[in-house]
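A short worksheet on the structure shown next.
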Amino acid sequence: IVIPPKSGVHKSTLFFLHGLGDGSGYWEHAVKGLNLENTKIILPAAPRIPVTVNMNIKMPAWFNVFGTDIDSPEDDAGIFEASERLAQLVELELKDNKHISPRNIMLAGFSQGGAVVLNTAYRGSFLKFKVGCVVVFSGFMPRPKYVLNNEECINAANIPTHCYLGHGTDDALVKHVYGVKSGE
């Protein structure tokens, strides 16, 4: 779903990734309510894949989930592929809108979408440039222990990029401790 700037003047772009089992339409009303005058909003949709933790039921998911414990194995290949897709969307947006600076790109996500956003912005070399900001609600950094112990995997371009992490203490699905570890 693409929502044009309210004013008709395109000065920035917000990518917002939904959570596991949601769809991009689930968030359309909420992001329209942000009333962003000069911001184009792009709501990508995750593919429908079997999710192990949900009895292999096919649902919108950015990557597979094997368990909900902090030490559960993670779908590294799926996370990598989701980050590659997001990076390609960002690059396409910049190519198609040459008047937009990478610093006017905002990456945001909820839950599993937030995990993809954090991974894309701060790990590896998915993005070759600094984005404007990162906003994540009830999300998590995939493999936080690995990141803490392997600083070379951090994307140097986005180390100075501001990030807002919001996470409820009573979240039963993505536990609060995951948000804390992501902040670290």
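No hydrogens, no waters, no symmetry mates; every other heavy atom, side chains included, goes into these values.
No donor-acceptor pair under 3.5 Å is formed between the side chain of N64 and the backbone N or O of G78. A distance-only check finds a donor-acceptor pair linking the side chain of S72 to the backbone of D69 [under 3.5 Å]. In this structure, the side chain of N119 does not engage the main chain of M141 through any donor-acceptor pair within 3.5 Å.
Within a 6.0 Å radius of NE2 in H162, other residues, nucleotides and ligands contribute 12 heavy atoms or fewer.
Minimum interatomic distance between G19 and S111 (heavy atoms only, all atoms of both residues): CA-CB, 4.2 Å. Heavy atoms only, all atoms of each residue included: G139 and S182 are closest at O-OG, 4.4 Å. Summarising the geometry of V136 relative to L118, their closest heavy-atom pair is CG2-CG, 3.8 Å, with the distance given to 0.1 Å. Of all heavy-atom pairs between V65 and Q112, the closest is CG2-NE2, 3.4 Å.
Residue pairs meeting the ring-ring contact (aromatic ring centres under 6.0 Å, His included) criterion with at least one partner in residues 51-74, sequence neighbours excluded, are H18-W62. Sorted by first then second residue, the salt bridge (Lys or Arg N to Asp or Glu O under 4.0 Å) pairs that include residues 12-32, not counting sequence neighbours, are E28-K32. Among residue pairs with one or both ends in residues 79-101, those qualifying as salt bridge (Lys or Arg N to Asp or Glu O under 4.0 Å) are K40-E93, E81-R85; sequence neighbours excluded.
Under the salt bridge (charged side-chain N to carboxylate O under 4.0 Å, His left out) criterion, D76 pairs with R143, sequence neighbours left out. Listed by chain and number, the residues in a side chain to side chain contact (heavy atoms under 4.5 Å, CB included) with H29 amount to none (sequence neighbours excluded). With sequence neighbours excluded, the residues that form a side chain to side chain contact (heavy atoms under 4.5 Å, CB included) with D171 are S138, H167, L173, V174. The ring pair (Phe, Tyr, Trp, His ring centres under 6.0 Å) test applied to F140 returns no partner, not counting sequence neighbours. With sequence neighbours left out, the side-chain hydrogen bond (donor to acceptor under 3.5 Å, both in side chains) criterion links T39 to S12. A108 pairs by the side chain to side chain contact (heavy atoms under 4.5 Å, CB included) definition with L14, F16, V135, not counting sequence neighbours. Here Y122 pairs with nothing under the ring pair (Phe, Tyr, Trp, His ring centres under 6.0 Å) rule; sequence neighbours left out.
Apart from L92 itself, the hydrophobic cluster it occupies contains nothing, where clustering links Ile, Leu, Val, Met, Phe, Trp and Tyr at side-chain heavy-atom distances under 4.5 Å. In this structure, V9 shares a hydrophobic cluster with no other residue, the cluster being traced through Ile, Leu, Val, Met, Phe, Trp and Tyr side chains under 4.5 angstrom apart.
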* Asked: Under the side-chain contact (heavy atoms from CB on, under 4.5 Å) criterion, do T13 and N104 qualify, and how do the steps go?
  -> CA-CA 6 Å; T13 301; N104 289 8; over 6 Å; no
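Side-chain contact annotation: K6 with N35, donor-acceptor N/O pair under 3.5 Å present.
Rounding to the nearest 0.5 angstrom, the gap separating the CD1 atom in I105 from the CD1 atom in I42 is 7.5 Å. Rounded to the nearest 0.5 angstrom, I57 CD1 and R48 CZ are separated by 10.0 Å.
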